[in-house]
Amino acid sequence: AQTVTQSQPEMSVQEAETVTLSCTYDTSESDYYLFWYKQPPSRQMILVIRQEAYKQQNATENRFSVNFQKAAKSFSLKISDSQLGDAAMYFCAYRPFSGGYNKLIFGAGTRLAVHP
Amino acid sequence: AAGVIQSPRHLIKEKRETATLKCYPIPRHDTVYWYQQGPGQDPQFLISFYEKMQSDKGSIPDRFSAQQFSDYHSELNMSSLELGDSALYFCASSSYVRLAGFTGELFFGEGSRLTVL
């Protein structure tokens, strides 16, 4: 079974500091995508960053970067220079691409608090 | 750019009533997904459609049904509503094939919040 595990239910960080959210996944697929979604109190699902499994280079989007370790099936999110607006629930998600219409599988989420 | 449109945004129903949620995918997207997210939970996959045919089925109760129409919009029908059906229902869309600019992501609507009293 394909699963996504986020072992940190809650994390906190001081404003302007750096925080890393952990994610591991289990799959036998070779072609897949990994994502981090942010869900603020409005509960809108916002894509933060994506990673294609066939790309070895870690994805970066401004203050957000990932550490993708394919062999270890690990996909952590690093948030640099944390801002109050980063406070939200963060979901790691996995999507195989063997069939084109494969669903997104979510982890349980990590609630991030940012303290001034 | 056009996004996934869901309606209604908020819905309040009594127990045992029926509710219908609608989803309009991004133009040229041929696949629609439905997710249910309870309070404090991660989104749970319900069902998906590709080219108007059911492509995958998750933890969708038998009281729920869904379909995708010829214009690719989808509707989720929920009958005999229970208190536990109160949740945020997301619709997402994607393209089946790797078109130019394909990113692999599912594009989410803003969700329909169902409250069952």
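Just so we're on the same page: letters track the sequence lines, and every chain starts at 1.
Of the two parts of A/Gln39, only the side chain, counted from C-beta on, holds a non-hydrogen atom closer than 4.5 Å to a non-hydrogen atom of chain B. Interface residue A/Phe35: only side-chain heavy atoms are found under 4.5 Å from chain B. Only the backbone of B/Gln41 has a heavy atom closer than 4.5 Å to any heavy atom of chain A. Within the 4.5 angstrom heavy-atom criterion, no atom of B/Phe107 approaches chain A. For A/Arg50, the part lying under 4.5 angstrom from a heavy atom of chain B is the side chain only.
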For residues 69-79 of chain B, which side-chain donor-acceptor pairs fall under 3.5 Å, sequence neighbours excluded?
{"from": "B/Asp71", "atom 1": "OD1", "to": "B/His73", "atom 2": "N", "distance (Å)": "3.1"}
{"from": "B/Asp71", "atom 1": "OD1", "to": "B/His73", "atom 2": "ND1", "distance (Å)": "2.7"}
{"from": "B/Asp71", "atom 1": "OD2", "to": "B/His73", "atom 2": "ND1", "distance (Å)": "3.3"}
{"from": "B/Tyr72", "atom 1": "OH", "to": "B/Glu51", "atom 2": "OE1", "distance (Å)": "2.9"}
{"from": "B/Tyr72", "atom 1": "OH", "to": "B/Glu51", "atom 2": "OE2", "distance (Å)": "3.0"}
{"from": "B/His73", "atom 1": "NE2", "to": "B/Glu75", "atom 2": "OE2", "distance (Å)": "3.1"}
{"from": "B/Ser74", "atom 1": "OG", "to": "B/Trp34", "atom 2": "NE1", "distance (Å)": "2.9"}
{"from": "B/Ser74", "atom 1": "OG", "to": "B/Gln67", "atom 2": "O", "distance (Å)": "2.9"}
{"from": "B/Asn77", "atom 1": "OD1", "to": "B/Thr20", "atom 2": "OG1", "distance (Å)": "2.9"}
{"from": "B/Ser79", "atom 1": "OG", "to": "B/Arg63", "atom 2": "O", "distance (Å)": "2.9"}

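Taking 4.5 Å as the limit, every side-chain heavy atom of A/Thr5 sits out of range of all side-chain heavy atoms of A/Tyr25.
One distance of note links CD of B/Gln36 with CG of B/Leu21; it measures 10.5 Å at 0.5 Å rounding. To the nearest 0.5 angstrom, A/Leu47 atom CG is 14.0 Å from A/Phe91 atom CZ.
Looking only at atom types and distance, the side chain of B/Asp42 has a donor-acceptor partner in the side chain of B/Gln44 under 3.5 Å away.
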